[in-house]
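Reviewing the structure listed below.
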Amino acid sequence: MDVSHIIDSLNEPQREAVTCGPSSQLVLAGAGSGKTRVLVHRIAWLIEVEQIPPFGILAVTFTNKAASEMRGRIEELLGTPAGGMWVGTFHGLAHRLLRRHWQEAGLPQQFQILDSDDQLRMVKRSIRSLDLDDKQWPPKQSQWYINARKDEGMRAAHIEDMGDATLQQLVNIYKTYETLCKRAGVVDFAELLLRSLELIRNNPELLQHYQQRFRHILIDEFQDTNELQYAWLRLLAGTKNPVFAVGDDDQSIYGWRGAKIENIQNFSKDYPNSRLVKMEQNYRSTSTILNAANAIIANNSSRLGKSLWTEDEHGDPIKLYSAFNEIDEASFIAGQIQRWVELGKRRKDAAILYRSNAQSRVFESTFIEQGIPYQVYGGQRFFERAEIKDALAYLRITVNRDDDTSFERIVNHPPRGIGEKTISTLRDLARSENLSLWEAANKSLQHSLLNNRAKTAIEKFVVLINELSNEIDSLVLNEQVGQVIETSCLKDHYLKREGEEKGKNRGENLDELVSAASSFNYKPEDEHVNMDFLSAFLTHAALEAGNAQGDSDEDCVQMMTMHSAKGLEFPLVFIGGLEEGLFPHQNSINEEGRLEEERRLFYVAITRARKQLFITYAEQRQLYGNTLLGSPSQFIREIPKELIEEIRPHMNAYSAPNTRAYGNTRVVEESASGFSSGDYIHHEKFGDGVIITIEGNGQSARVQINFSNVGSKWLVMGYANLQKR
DNA sequence: ATATAGAATCTTTTT
DNA sequence: GATTCTATAT
C-alpha cells in the first residue's frame, strides 16, 4: 500500500507519532511544530493503513473553528468525506450524546441551551427567589462558583459546606439554579459536559456501546482541558482504546478558567503504557525569536521540558522600544507599520498584541488619525447581540413554553404594559406552585389573580405567543424567523427607542438573522438525532455564536489580545505594554503559579512572530483615569541581551536596576496625605507592605497596599494609620 | 415607562 | 476615562 502521501512530508518525530501502533500517545507539540498536521495525518493513517473505519474515530477540539479546519484537512488528505467520524468540540459532541439519549439523560426532548448571558439571568433569578440580596451575593460570582463546581464534576448535592455559612449559601444558590434549569428544560455549557458524563457513567450498556465504537480518541490542545473534560475523555476511552493527546504545557494560558495543566503533566501516569513524542522543530520563526522564547520559558518550573529549534536563519534582532507614554508607543508602532507597507508588505501580515483589551483604544485612535486600516479581534458576536437574542427568545418560547429565561426576556419587550409588579406576582406564583412562568401566567388568568389591566396585558401576550406558534408551524426556517421579527415588532421598537443610527443598525442585524436562517443548512448527519430545523438552528446559535467580526476583505493591521492570538502567526508582530503590573498583570505578580501562566502567555505571544518582533513599553501610561509610572516588565530582562536591539535606550531596561520589588507602578501625583505609591509602609495589624495605588486625596483616599504577609488589601487612609518605613 | 444622574467597575474567553 | 449598571425622579 502506498502511504507516501501520509508520511512523506513529515519529519522524524512527526512520523513517529503518526505511524505509531495502537497505544496511547502524548505528543508534546511546541509552537509552530505542526500540531494540526500530525493530528490530521494520524487520522488518515488510522483510516487508510490501520483500516479503522471513520465511524470508529472520535476527535475533540475546543473551538468550532479548529474542528471544522481539522475535518476539512482530513477530507482533503483522504480525498473523500469522512462520514461517520465524530469530529467536534467537547460541547458539540456532548450535546450530540444528550440529543441521542435525552430520555436516559433525564432531559425533555426539546431542551435548549443557555449561553453565559442567559445563565447569568438564571442565576439572578435563583438568588432573588431565595430572597437574597444581590449586593451581598453578586450573581457574577455565583455564576462563576457554579461553573467552577460543574467543571470539577460536582453537583450541589455533592458539596460539603462544613458549616461555612457563605459556602452554604452558595450551595443553596447552586441548588435553586439546578431546580430552575430543570423546570425550564434548559442546560448551560458546563451542564452539557457534566450531564453527558453522568449519562454514560450511569448507563453501562451505553458506555460499552460507545467504548466499542470509538476505538481511537484524539484530542487537540490537551493542555486546555479541565477536570471534567479529561474525566469525560477517560471514561469514553475506557481501558482499551488508545488516546492520542496533542498539546503543549508551555502554551497553557487558560488556568484561570479551569484548565488543568496537571492533566498534561499526569497523562503518562494515567496511561502507563503510553508513549511520549516531542516535536521541537519549529517551521515558523527565525532562530532569534525561538531563542528568546526558549530563554523565557526556561524560567518556569515543573515543565515537561522542550526546546524549540529551526533550520531557519537568525533573522533580525528583537527590537525593544521604550516609549515615553502610551501615545508615543502607539505612534511608534504606527510608524513602523507605515515603513513596512512602504516596503510593499501587507498590513494584514502585521499584528499588535496586548495583555488587556483596554489597551486597544489608544492604538485605534492613533491608527484612525493616521488613516491606517485596522481590525480589532474579539468583542460582540453575532448571536450574542441583544436584538438577536430577543428574536431567538421568541423562537425559543414557541418551541418550549417553559423556557423561563426567554419568557422573562420578552414578556415586556417591546413594552406591552407588563410591569415589574405583574412579573413578580407571576414569579411568586411560579415559585410557590412549582410552575414555569408560562404556566403561572395561564394559571393567573384562569383564577383571576391579577387586576384588570395586568390581566389584559398578560392575556394579550399569551395569545400573541400561541398565535405566533401556530403561524410559523407550517413555514420554513427563514420565514419563521422573518415572521417572528414581524409579529414581535422588535424592529419598530428599536427604531423608536434608540433613534435612527443605532436602531437602524439593529434592524439590519435582524435582517441578517433572516439571511443566516436562509443559509443555514442543517443536514441531519446523525440518524439518531431527530431535530427539526428550528431547534437545530437555535442550538447552532447557542453553540456557535459566530465570529466576533467578519473577515474584512480590506488589508488591515490585526489587533488582538495575546490570548486570542494563540494558534495564529504573523510575519511582523508588536507586543505592547510590557510594564510591570500590566504584563505580567498586577493580580498575577504575587502568586508563583499565576506568574508562570503570564510567562507562558508571553511565550505564546513571542512565538506568533515569524520574521520580526517588536517589544514596547511605556514609562508613563494613562490607565483608568490615572497616570501611572511603570517600570519595564521583568519579562524583558528574561530575554538574552544579545537578541535585543534597543531602539531608544534612554531608559535602559537592563541597566536600570529594578528597585521596586512589588507593584512597580506608582501614581504620579503625590497625594495630600504625604504618601505616594511605591512607598514602603508599616501597618499595625497587617505588618509591612508597599503602596500600590492611591485613589482620591487626603484622609478619605483609598489605598491599595501589598502586604508581605497577607497579600493585597484596600484601606482608607484616614483609618489605616500607616507608618513610613 | 423612561430619563437622568450618580455609582461602580475596569485581565485574559470559548462553548 | 469610558462604559455599564442602579436608584431615583418625573
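Chain naming here is simple, since letters A, B, ... match the order of the sequence lines and numbering starts at 1 in each.
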**Report entry** C:dC5 versus B:dT12 - spacing of their P atoms, nearest Å
**Finding:** 16 Å
Query raised in the report: Where along residues 597-606 of chain A does a heavy atom fall under 4.0 Å from DNA chain B?
Result: A:E598
Query - DNA chain B: 5'-proximal contact among A:L543 and A:W256 (nearest heavy atom) - result: A:W256
**Report entry** A:H91 aromatic ring stacked with six-membered ring of B:dT15, 5.5 Å and 30°
**Finding:** no
Return the polar atom pairs (N/O with N/O) between nucleotides 2-5 of chain C and the protein under 3.5 Å, or none.
none

Query raised in the report: Any side-chain donor-acceptor pair under 3.5 Å between A:Q223 and A:E221?
Result: yes
Query raised in the report: Is there a donor-acceptor contact under 3.5 Å from the side chain of A:N509 to the main chain of A:F382?
Result: no
Report task. Give the ring-plane orientation class for A:F367 versus A:F363, where under 30° counts as parallel, over 60° as perpendicular and anything between as tilted. Result -> perpendicular
Requested in this report: Compute whether any side-chain donor of one residue and acceptor of the other, for A:Q634 and A:E580, lie under 3.5 angstrom apart.
Outcome: yes
**Report entry** Sugar-phosphate, base or nothing in reach of A:F583, heavy atoms under 4.0 Å
**Finding:** nothing
Query raised in the report: Looking across every strand, which nucleic acid part, if any, lies under 4.0 Å from A:S116 by heavy atom: base, sugar-phosphate, or nothing?
Result: base
Collect all protein-nucleotide pairs involving nucleotides 1-6 of chain B in which both atoms are nitrogen or oxygen and the distance is under 3.5 Å.
residue: B:dA1; atom: OP1; partner: A:N412; partner atom: ND2; Å: 3.4

